[in-house]
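A quick write-up on the structure given underneath.
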There are 2 protein chains.
Amino acid sequence: MARRRQSVTIKHVAADAGVSLQTVSRVINNEPNVRPEMQKRVRDSIEKLGYVPSIAAQRMSGSRSYLIMALNDRERTIADWRDQHGTDWVDQMLLGGMLKCAEHGYRMIVELIDTHSDHVERELLAAIAAIQPDGVILTPPHSQNPVITRILDKHNISIARIGSLKEGPGFSLTMDDEGAARLATEHLAALGHRRIGLIAGARDYELSGWRIDGWCAAMADAGLDSEGLLAEGDFSYESGLTATAALLDQPDPATAIIVSNDQMTRAALDVAKQRGLIIPDDLSILSFDDTPVVRFAQPPLTAIQQPIAEVTARAVELIIADRRGQKPPEEPVVVPVRLIERTSTASPAIGVESASLPSEPPSPSAAQSG
Amino acid sequence: MARRRQSVTIKHVAADAGVSLQTVSRVINNEPNVRPEMQKRVRDSIEKLGYVPSIAAQRMSGSRSYLIMALNDRERTIADWRDQHGTDWVDQMLLGGMLKCAEHGYRMIVELIDTHSDHVERELLAAIAAIQPDGVILTPPHSQNPVITRILDKHNISIARIGSLKEGPGFSLTMDDEGAARLATEHLAALGHRRIGLIAGARDYELSGWRIDGWCAAMADAGLDSEGLLAEGDFSYESGLTATAALLDQPDPATAIIVSNDQMTRAALDVAKQRGLIIPDDLSILSFDDTPVVRFAQPPLTAIQQPIAEVTARAVELIIADRRGQKPPEEPVVVPVRLIERTSTASPAIGVESASLPSEPPSPSAAQSG
DNA sequence: GTGAAAGCGCTAACAT
DNA sequence: ATGTTAGCGCTTTCAC
């Protein structure tokens, strides 16, 4: 295979503009100490020759690689892809991350790593050595894995941790899980539900706890008893089946369920169907993931729309700013969610329930259909 | 920002193994002229030190960048993402491409380019200069764009063209569109349909033609008249509305429709619903994309499952083989599709239709529900 | 079969 | 404000 050279290099530009390599380099990198007229001369040459810096060469000598690595959990990501369950997390990350990267001359590379394996460290080191990313975007559960953050920090790589508030290197971003859970709960309470169940996510995800907190707080604020309404899941379909059953199999069963992700939501729908429960007449369901499986469900589900694209774009911005020496934000960056109202949530069926409604009627204002 | 060095370089390995840089380089690249004992010594050092070659450095001096670029149409990809219509083409490309790349120490970078813009050339050149990919995977409509293939070829980059059989540099891969259309048509004919319509895709996609060919051939083979049963679409939802209406608004309307992609399928479903047609009782619908929107439709749709992941994986293999100097395949690589039978296709309603059925009854063998 | 030297395209550090 | 020099980590070329 023939040796492939860059067709137009910084040398050609320098020669064409009649300046030194360094001056061209400064212009490319928007560094100071270049007179406007020089600037222009160089930029004109760049334009004329169609010069584009080689990322590889930039990385070789400089401190930047112009590469940002998006790290996702291998097992879960591959399973989602294979099963074609319509989880579009990676797609949305690409949408937000790639486009933002492109604005700044960066590229995003998706990398999968097994969190729970013994060779996380080895895998991560290999990825770092091969790619030399300027920054890494971590998603749960990687974002709270101290082994990973420590290694990245040691290598002086900027870290954006999505879905983690733990102390640690880099900056945190969240999708306001607590607020979202509160929003979801309030939505259902406003519809008149008193038995609002929550199917929580895997315990080792920080955000699972936040959602429980938000739900608990909102239940308390609404004067509702949350006794027996919390079911623990692990984000898998199977766990969703068990959890849903648990919420329905009790003396005073849930009339509305908030489900922490799309796969468990599928399970909840299936359990409801199997039991002959009509949605939303007999049971309201609200999903914490607005993925295709949820949007195209029958009936279309009311859902918390997680701004994955946006939060990823913000993560890219933070990393690039960090590279430029700007001070990272003190506080975690919180990207608010939206509640998309569809037809899976409605007032509970009139019956014994309604007889025991509190004196205060449900607020119709919060129940407007979007 | 501190200058970041590779922690373990080829030098460390060479020193540790007591050999020269070149010997290590040869081992890394599986080149000849290294004695087995040397091999082992070097490999042991690599293992011990946890050495991983830097892609940037490899690219700098050598002919390989270990980077494969997956090129998609910017406008359509972003629209699909934004609208969240559940098209998972990019996801599936990543699944197949990334994993295969990983097996060989390559990485895949997704890049978006506007096909129809004036600056295709400029955008492509910029991407090439920045990334220096060893190979590029082209999807329609890029795969048939001579401007693109010519530039890539000139830069000595391996080209895998998915969905194009036109003469040109690089190798072609298809998902057997003609055979798939034939399969779909036969499936419907076997159910007893005589008026099987096809909503074709955009004319400037080669595969649109192949599908028409397959459908035509199968119709002829089944002794069916295809008069008035071909409607042209352009893959957009809107075009799907018009095309569906055209197939239904005629003296002898279609009782089954094959739709060339998921968005037009959505349109077909909506038209049917609006007209009060029950699927599959009044109208059978078969989609040419098995994306989430199709799988989770009500009823779930019978669909051609395009093996995007697999064809991308094959493309990666071909590119890597090409880099290694292996001779590319003479013939286009054809990855077969599968027909996923769901509940949107059934025998046409018994009525005037059945009275005029040909003497030969529909073959039940081909109508087995999967 | 192995090693030494040269240089890929670019930037950091140090001149001027 | 601009230029010069010395590498970055690796592969290529060519000598041994």
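These figures come from a predicted structure and were not determined experimentally. Throughout, a chain's letter reflects where its sequence line sits, starting with A, and its residues are numbered from 1.
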Decide yes or no for A:Val110 and B:Arg107: does some side-chain heavy atom of the first lie under 4.5 Å from some side-chain heavy atom of the second? no
Once you round it to whole Å, what is the distance between C1' of C:dA13 and CG of A:Leu21? 15 Å
Phosphate-side-chain proximity, B:Ser25 and D:dT11, N/O vs OP1/OP2 below 4.0 Å: yes
Would you kindly check whether a donor in the side chain of B:Arg26 faces an acceptor in the base of C:dG3, or vice versa, at under 3.5 angstrom? yes
Using a heavy-atom cut-off of 4.0 Å across all strands, would you classify A:Pro53 as base, sugar-phosphate, or nothing? sugar-phosphate
Just by distance, with hydrogens left out, do B:Asp91 and A:Trp81 show a side-chain donor and acceptor under 3.5 Å apart? yes
A:Asn30 CG to C:dT11 C1', straight-line distance once rounded to whole Å: 15 Å
Which nucleotide in D:dT13, D:dG9, C:dG1 has an atom nearest any side-chain atom of B:Gln22: D:dT13
Nucleotide of C:dT11, D:dG9, D:dG3 approaching A:Ser20 most closely (side-chain heavy atoms): D:dG3
Just to be sure I understand the rule, does A:Gln58 reach a base, reach only the sugar-phosphate, or reach nothing, if contact means heavy atoms closer than 4.0 Å? sugar-phosphate
Check the phosphate of D:dA1 against A:Thr23, side-chain N and O only, distance under 4.0 Å to OP1 or OP2. Yes or no? no
Pair A:Asp134-A:Ser65, side-chain donor/acceptor within less than 3.5 Å: yes
